[in-house]
Amino acid sequence: MDKKKVKLNTSAVETATGKEYKFNIEFYVFMQDGKYISYCPSLDLTTSADNFNEAISNFYECFQLYIETCVEAGTLTTDLLNHGWRLTKVSIVPPKSTKVFKKPEMKALIDSNINFERISVPARLPVAL
């Protein structure tokens, strides 16, 4: 698996259901103990699977459940801020990768010499978080 650098694109867009933040969410997929692990350091979300594609699919489901649960509980803004995200009226910005790579989990992953792939996928959140 290749390590890839991806630029984040964040902006607010108008949709049929209202205004939403449009951005890319990044996560990493790697093998550990015979399982594929998906890990998103900017939200501390982790899933596992038996194969690479399932790991990506499981991450999408985990991310969606995280958003839905936080929105229902009214804690999304607080949780994003606690994870180092920045929110404005026109954009949502995940923590800089320099901050993310300082997390013990990411340091351990990088220092382990395990091959991992950085995945960056489009995501949307309602502006009225």
Side-chain angles (χ1 to χ4, degrees):
M1 291 183 273
D2 292 331
K3 298 173 187 173
K4 300 177 182 176
K5 292 184 180 180
V6 180
K7 287 185 179 180
L8 295 177
N9 177 22
T10 63
S11 62
V13 295
E14 191 70 39
T15 67
T17 58
K19 210 167 191 183
E20 296 180 330
Y21 290 116
K22 179 181 170 187
F23 63 101
N24 289 339
I25 186 76
E26 289 186 356
F27 62 100
Y28 302 84
V29 179
F30 56 94
M31 285 278 298
Q32 185 175 23
D33 299 328
K35 289 282 194 181
Y36 284 87
I37 308 297
S38 295
Y39 173 59
C40 177
S42 65
L43 293 172
D44 284 332
L45 298 177
T46 304
T47 64
S48 67
D50 292 326
N51 63 60
F52 184 81
N53 289 336
E54 187 180 325
I56 292 172
S57 179
N58 287 354
F59 176 78
Y60 290 148
E61 183 178 346
C62 179
F63 177 68
Q64 186 63 39
L65 288 171
Y66 162 78
I67 298 300
E68 289 173 8
T69 301
C70 286
V71 167
E72 287 174 11
T75 60
L76 185 57
T77 299
T78 301
D79 198 60
L80 290 173
L81 293 172
N82 286 340
H83 281 97
W85 292 62
R86 291 182 295 125
L87 308 173
T88 71
K89 291 182 180 180
V90 295
S91 69
I92 181 170
V93 181
K96 292 184 179 186
S97 55
T98 53
K99 183 175 181 178
V100 168
F101 285 121
K102 289 181 182 178
K103 288 186 160 202
E105 299 86 353
M106 283 304 295
K107 280 184 163 183
L109 177 61
I110 292 166
D111 292 345
S112 72
N113 292 321
I114 292 175
N115 288 328
F116 62 91
E117 186 164 344
R118 181 188 305 192
I119 310 288
S120 180
V121 294
R124 292 181 181 213
L125 293 174
V127 168
L129 299 173

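From a predicted model like this one, the values you see are computed outputs, not experimental measurements.
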task = Please step through side-chain contact (heavy atoms from CB on, under 4.5 Å) for the pair Y66 and D44, ending with a clear verdict.
result = CA-CA 11 Å; Y66 162 78; D44 284 332; over 6 Å; no
key: Atom pair CZ (R124) and CZ (F23), whose distance is rounded to the nearest 0.5 Å   = 10.5 Å
message = Nearest 0.5 Å, please: how far is CZ in F30 from CZ in R118?
response = 14.0 Å
task = Work out which heavy atom in E117 is nearest to a heavy atom in F52; give both atom names and the distance.
result = OE1-CZ, 3.7 Å
inquiry  = Set out, in order, the CA-CA distance, both residues' side-chain angles and the distance that settles side-chain contact (heavy atoms from CB on, under 4.5 Å) for I37 and M31, then state yes or no.
reply    = CA-CA 6 Å; I37 308 297; M31 285 278 298; over 6 Å; no
message = Measuring from atom CD1 of I25 to atom CG of L45, what distance do you get when rounded to the nearest 0.5 angstrom?
response = 7.5 Å
task = Quick one: closest heavy-atom pair of S38 and I56, and the distance?
result = OG-N, 4.0 Å
remark   = Heavy-atom nearest pair, C40 first then E26, reads SG-O, 3.3 Å
task = Check whether the ring centres of W85 and Y21 lie less than 6.0 Å apart, and answer yes or no.
result = no
ask   = Does the side chain of K35 come within less than 4.5 Å of D50's, by heavy atoms?
value = yes
remark   = Interatomic distance, CG@L87 vs OG1@T77, rounded to 0.5 Å, equals 6.0 Å
For the student: nearest non-hydrogen atoms of S42 and H83, plus distance = O-CB, 3.3 Å
remark   = Note: N58 and S48 closest approach over all heavy atoms is ND2-O, 2.9 Å
request  = Please answer: with hydrophobic residues joined when any side-chain heavy atoms are less than 4.5 Å apart, are V121 and L80 in the same cluster?
outcome  = yes
ask   = In the single-linkage hydrophobic clustering (I, L, V, M, F, W, Y; side-chain heavy atoms under 4.5 Å), do L65 and F63 co-cluster?
value = no
key: Spacing of T46 atom OG1 and L43 atom CG [to the nearest 0.5 Å]   = 10.5 Å
query = Between atom CD of E61 and atom CD of E54, what is the distance when rounded to the nearest 0.5 Å?
reply = 10.5 Å
message = If we count only N and O atoms by modelled type, under 3.5 Å, do the side chains of S91 and T88 hold a donor and an acceptor together?
response = yes
key: Least distance between heavy atoms, N24 atom then P94 atom   = O-CG, 4.2 Å
